Amino acid sequence: MRIIKVALGTNSYEVRVGPGLLSQAGRWLSELGFGNKLVIITDPSVNRLYGEMLNRALTEFDFNVNTLLVAEGEDQKSLETAGRLYHQLTDCYTERSTPILTLGGGVIGDLGGFVAATYMRGVPLVQLPTTLLAQVDSSIGGKVAVDHERLKNKIGAFYQPKLVIADTDTLKTLPAKELANGMAEVIKSAAIRSKEFFAYLEGNLDRIKSLDENVLEEVVFQTASIKAEVVEKDETDLGLRNILNYGHTIGHAIESVTDFSMGHGSVVAIGMVAAATISNRMGMLDKNDLHRLKNVIVSTGLPTKLPNIKVEKIVQAMRHDKKVSQDRIRFILLKSLGSALVSDDVSPSLVEKVLIGDEKT
Ligand SMILES: NC(=O)c1ccc[n+]([C@@H]2O[C@H](COP(=O)([O-])OP(=O)(O)OC[C@H]3O[C@@H](n4cnc5c(N)ncnc54)[C@H](O)[C@@H]3O)[C@@H](O)[C@H]2O)c1
Ligand SMILES: [Zn+2]
């Protein structure tokens with residue numbers, strides 16, 4: 001097992017990463033000194049796969065467990081579902097000391113975390129992420145939210161968990177598409193913060209694909225460490241945390257133009273390649289690094305180019321969202337692999353050219 005300490009003063013907590021960790025949850029939760037009641041929020045698929053094992057681990061330590069099920073899918077991240085959960089929590093006599101455990105991907109973590117942050121002005125939250133994206137990204141950093149009127153994560157809070165348990169064995173049942181979604185965030189983190197980890201990824205892509213236990217542990221540990229370090233320096237997203245949006249400026253614009261019909265990993269991958277190309281055109285990232293980035297993305301099975309979508313629409317969506325002044329867009333660029341910066345000086349016409357791909361790369 002590897003342990004990351006997220007140092008946030010009184011909001012500090014640990015992220016524990018490794019295979020077989022869900023079976024330790026009972027012991028660790030009893031060490032945290034909560035009462036003997038627990039609530040698990042999960043979805044039916046994850047519950048079918050891991051619910052029984054987690055229940056056994058908890059009841060072994062005399063916890064009285066209530067499981068609340070939420071259907072799968074982003075549309076469950078709503079105030080309506082949160083309202084239903086508040087109702088169910090009241091029914092199972094939850095006290096302020098009763099922790100909520102979120103077992104699942106980012107949807108369950110964000111929704112269950114939002115409910116934990118708001119029910120009775122906050123009950124303890126323990127994140128048990130089971131997707132790669134949730135283990136390396138959404139379970140760490142305390143952003144919890146629901147969507148509102150088609151706007152993602154519009155209603156939310158900063159609410160740090162008491163503990164994160166990332167059992168890398170759960171990744172073995174993850175559909176390939178979900179693994180690829182998580183890999184986009186893994187590649188992003190290496191590209192913005194660690195050239196050593198980027199080189200490790202280049203050398204271990206086959207072992208990631210074959211779900212090698214040691215490599216998965218290392219990949220989750222390294223990526224989660226990067227997220228933790230950035231969050232420690234900027235808990236409430238006022239500065240440095242911006243760099244985690246590398247690849248997401250264009251990614252979010254594609255999502256809005258295509259009405260979320262492409263996977264998040266795919267749009268972030270296209271966004272990363274475009275932002276890297278822009279970096280190169282503006283005299284930063286060198287050609288060799290740009291090719292290395294593209295190669296890793298291609299080997300992961302993620303796209304590097306836009307499908308048949310009108311580029312003007314994407315630039316328009318971005319202008320609306322990330323405009324700094326009349327003719328400049330805010331972007332996260334790469335100086336080199338492992339080093340990012342926020343630029344307020346990217347021209348829409350360069351973005352357009354790069355997205356059309358009419359420039360040599
Ligand atoms: N809070 C943050 O900082 C943050 C950061 C990034 C993303 N997010 C949010 O995360 C969400 C996306 O999360 P996601 O990518 O984990 O998707 P998800 O939560 O929708 O999970 C994807 C699917 O995988 C299934 N699943 C989960 N674990 C499994 C396992 N071990 N084996 C088999 N199937 C499994 C789920 O049932 C679900 O159908 C979005 O709502 C996004 O806004 C939040
Ligand atoms: Zn993302």
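Quantities reported herein were computed from a predicted structural model and do not represent experimental measurements. Just follow the structure's listing: the first ligand is 1, and inside any ligand the first atom is 1.
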Asks: Which atoms form the tightest heavy-atom contact between N181 and G265, and what is the distance?
Replies: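 Looks like OD1-N, 2.7 Å.
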Asks: Return a yes/no value: protein heavy atom under 4.0 Å from atom 25 (C) of ligand 1?
Replies: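 It does not: no protein heavy atom is found less than 4.0 Å away from atom 25 (C) of ligand 1.
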Asks: Test of understanding: given a 4.0 Å heavy-atom threshold, classify the contact between L174 and ligand 1 as side chain, backbone, both, or neither.
Replies: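 For L174, backbone and side-chain atoms both sit under 4.0 Å from ligand 1.
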Asks: Who gets closest to atom 38 (C) of ligand 1 by heavy atom: E72, Q76, H248?
Replies: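 Selected option, by shortest heavy-atom distance: E72.
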Asks: Do T81 and S78 have side-chain atoms, one donor and one acceptor, less than 3.5 Å apart?
Replies: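 The criterion, which ignores hydrogens and geometry beyond distance, is satisfied for S78 and T81.
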Asks: Return yes if some donor-acceptor pair links the side-chain N/O of S194 with the main-chain N/O of A190 below 3.5 Å, else return no.
Replies: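 Judged by distance alone, no pair lies under 3.5 Å.
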Asks: Counting only heavy atoms, tell me which of T42, V70, L133 gets closest to atom 12 (C) of ligand 1.
Replies: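 It is L133 that holds the nearest heavy atom.
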Asks: Is it true that a side-chain atom of K227 and a backbone atom of D137 form a donor plus acceptor pair closer than 3.5 Å?
Replies: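 Such a contact is found between K227 side chain and D137 backbone.
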Asks: Where is the tightest heavy-atom contact between S299 and L205, given as atom of each residue plus distance?
Replies: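 Answer, listing the atom of S299 first, then L205: CB-CD1, 3.5 Å.
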Asks: Evaluate the side chain to side chain donor-acceptor pair (under 3.5 Å) criterion for residues Y200 and Q222: first the C-alpha distance (whole Å), next the side-chain angles of each, then the deciding distance (0.1 Å), finally the verdict.
Replies: CA-CA 10 Å; Y200 177 87; Q222 291 294 344; over 6 Å; no
Asks: Can T173 and Y50 be counted as having a side-chain donor-acceptor contact under 3.5 angstrom?
Replies: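 Present: a donor and an acceptor within the cut-off.
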Asks: How far is atom 28 (N) of ligand 1 from its nearest protein heavy atom, and which residue and atom is that?
Replies: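 Nearest protein contact, heavy atoms only, for atom 28 (N) of ligand 1 is T130 OG1, 2.7 Å.
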Asks: Can you tell which of L171, I108, T131 gets a heavy atom nearest to atom 27 (C) of ligand 1?
Replies: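 Going through L171, I108, T131 one by one, T131 has the nearest heavy atom to atom 27 (C) of ligand 1.
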Asks: Nearest 0.5 Å, what's the CD1-CD1 distance between I226 and I192?
Replies: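 The CD1 atom of I192 is 7.0 Å from CD1 of I226, to the nearest 0.5 Å.
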Asks: Nearest 0.5 Å please: distance from the CD atom of E213 over to the CZ atom of R207.
Replies: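 Separation between the atoms: 14.5 Å.
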Asks: Heavy atoms only: which of Q135, R48, E185, K143 is nearest to atom 1 (N) of ligand 1?
Replies: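 The option holding the nearest heavy atom is K143.
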Asks: Tell me the contacting part of L49 for ligand 1: side chain, backbone, both, or neither, using a 4.0 Å heavy-atom threshold, strictly below.
Replies: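 L49 to ligand 1: side-chain contact only, backbone stays beyond 4.0 Å.
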Asks: Would you say the side-chain atoms of T168 pair up with the backbone N or O of G18, donor to acceptor, closer than 3.5 Å?
Replies: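 Present.
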Asks: Which atoms of ligand 1 are found less than 4.0 Å from any heavy atom of G106?
Replies: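 The list of qualifying atoms is 10 (O), 11 (C), 13 (O), 14 (P), 16 (O), 19 (O).
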Asks: Heavy-atom contacts under 4.0 Å between N153 and ligand 1: side chain, backbone, both, or neither?
Replies: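 Side chain only.
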Asks: Any idea which protein heavy atom is nearest atom 43 (O) of ligand 1, and the distance to it?
Replies: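 It is K152 NZ, 2.9 Å.
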Asks: At less than 4.0 angstrom from any non-hydrogen atom of Y50, what atoms of ligand 1 do you find?
Replies: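 Per the distance check, 31 (N).
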Asks: How close do K143 and D110 get, counting heavy atoms only, and between which atoms?
Replies: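 In this case the closest contact between K143 and D110 is O-OD1, 3.8 Å.
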Asks: Compare every heavy atom of A191 with every heavy atom of L293, then report the nearest pair and how far apart it is.
Replies: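 Looks like CD1-CB, 4.2 Å.
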Asks: How far is atom 4 (C) of ligand 1 from the closest protein heavy atom, and which atom is that?
Replies: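 So the nearest neighbour among protein heavy atoms is S138 CB, 3.2 Å.
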Asks: So, of the N/O/S atoms that E185 has, which is the nearest one to the Zn ion (ligand 2)?
Replies: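 So the atom name we want here is OE2.
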Asks: When you measure from atom 40 (C) of ligand 1 to every protein heavy atom, which one gives the shortest distance, and what is it?
Replies: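 Answer, as residue, atom name and distance: E74 OE1, 3.3 Å.
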Asks: Return the closest protein heavy atom for atom 9 (C) of ligand 1 as residue, atom name and distance.
Replies: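 The answer is D110 OD2, 3.4 Å.
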Asks: Among protein heavy atoms, which lies nearest atom 6 (C) of ligand 1, and at what distance?
Replies: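 Among all protein heavy atoms, the one nearest atom 6 (C) of ligand 1 is D137 OD2, 3.5 Å.
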Asks: Do E229 and R193 make a side-chain contact, defined as non-hydrogen atoms from C-beta onward lying under 4.5 Å apart?
Replies: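 In short, these two side chains touch, coming nearer than 4.5 Å.
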Asks: Please state which part of V144 comes within less than 4.0 Å of ligand 1, counting heavy atoms only: side chain, backbone, both or neither.
Replies: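 Contact part for V144 vs ligand 1: neither.
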Asks: Among all protein heavy atoms, pick the one closest to atom 33 (C) of ligand 1 and tell me residue, atom and distance.
Replies: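 Among all protein heavy atoms, the one nearest atom 33 (C) of ligand 1 is T173 O, 3.1 Å.
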Asks: Could you measure the distance from the CD atom of Q127 to the CG atom of L163? Nearest 0.5 Å is fine.
Replies: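 Q127 atom CD to L163 atom CG measures 10.0 Å (nearest 0.5 Å).
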Asks: If you look at every heavy atom in A25 and L54, which pair is closest and at what distance?
Replies: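 Looking at all heavy atoms of both residues, the closest pair is CB-CD1, 3.8 Å.
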Asks: At what distance is the nearest protein heavy atom to atom 34 (N) of ligand 1, and which residue and atom is it?
Replies: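 Checking every protein heavy atom, the shortest distance to atom 34 (N) of ligand 1 gives P175 CD, 3.9 Å.
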Asks: Looking at ligand 1, is there an atom of it that comes within less than 4.0 Å of some heavy atom belonging to N181?
Replies: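 No, N181 has no heavy atom closer than 4.0 Å to ligand 1.
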Asks: Of the backbone atoms (N, CA, C, O) and the side-chain heavy atoms from C-beta on, which set of H264 has a member under 4.0 Å from an atom of ligand 1: side chain, backbone, both, or neither?
Replies: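 No part of H264 comes within reach of ligand 1.
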Asks: Only N/O/S atoms count here: what is the atom of H264 closest to the Zn ion (ligand 2) called?
Replies: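 The atom in question is NE2.
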Asks: Show the atoms of ligand 1 that are less than 4.0 angstrom away from any heavy atom in K227.
Replies: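 The list of qualifying atoms is 3 (O).
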Asks: Under 4.0 Å from ligand 1, counting heavy atoms only, is it the side chain of V107, its backbone, both or neither?
Replies: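 Both backbone and side chain of V107 come within 4.0 Å of ligand 1.
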Asks: Could you tell me whether a side-chain N or O of D286 sits under 3.5 Å from a main-chain N or O of D289, the two making a donor and an acceptor?
Replies: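 Yes; at least one donor-acceptor contact below 3.5 Å.
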Asks: Under 2.8 Å from the Zn ion (ligand 2), can any N, O or S atom of D137 be found?
Replies: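 No.
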Asks: Go through ligand 1 atom by atom and flag the ones less than 4.0 Å from a non-hydrogen atom of D43.
Replies: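 Contacts of ligand 1 toward D43, numbered from 1: 36 (C), 37 (O).
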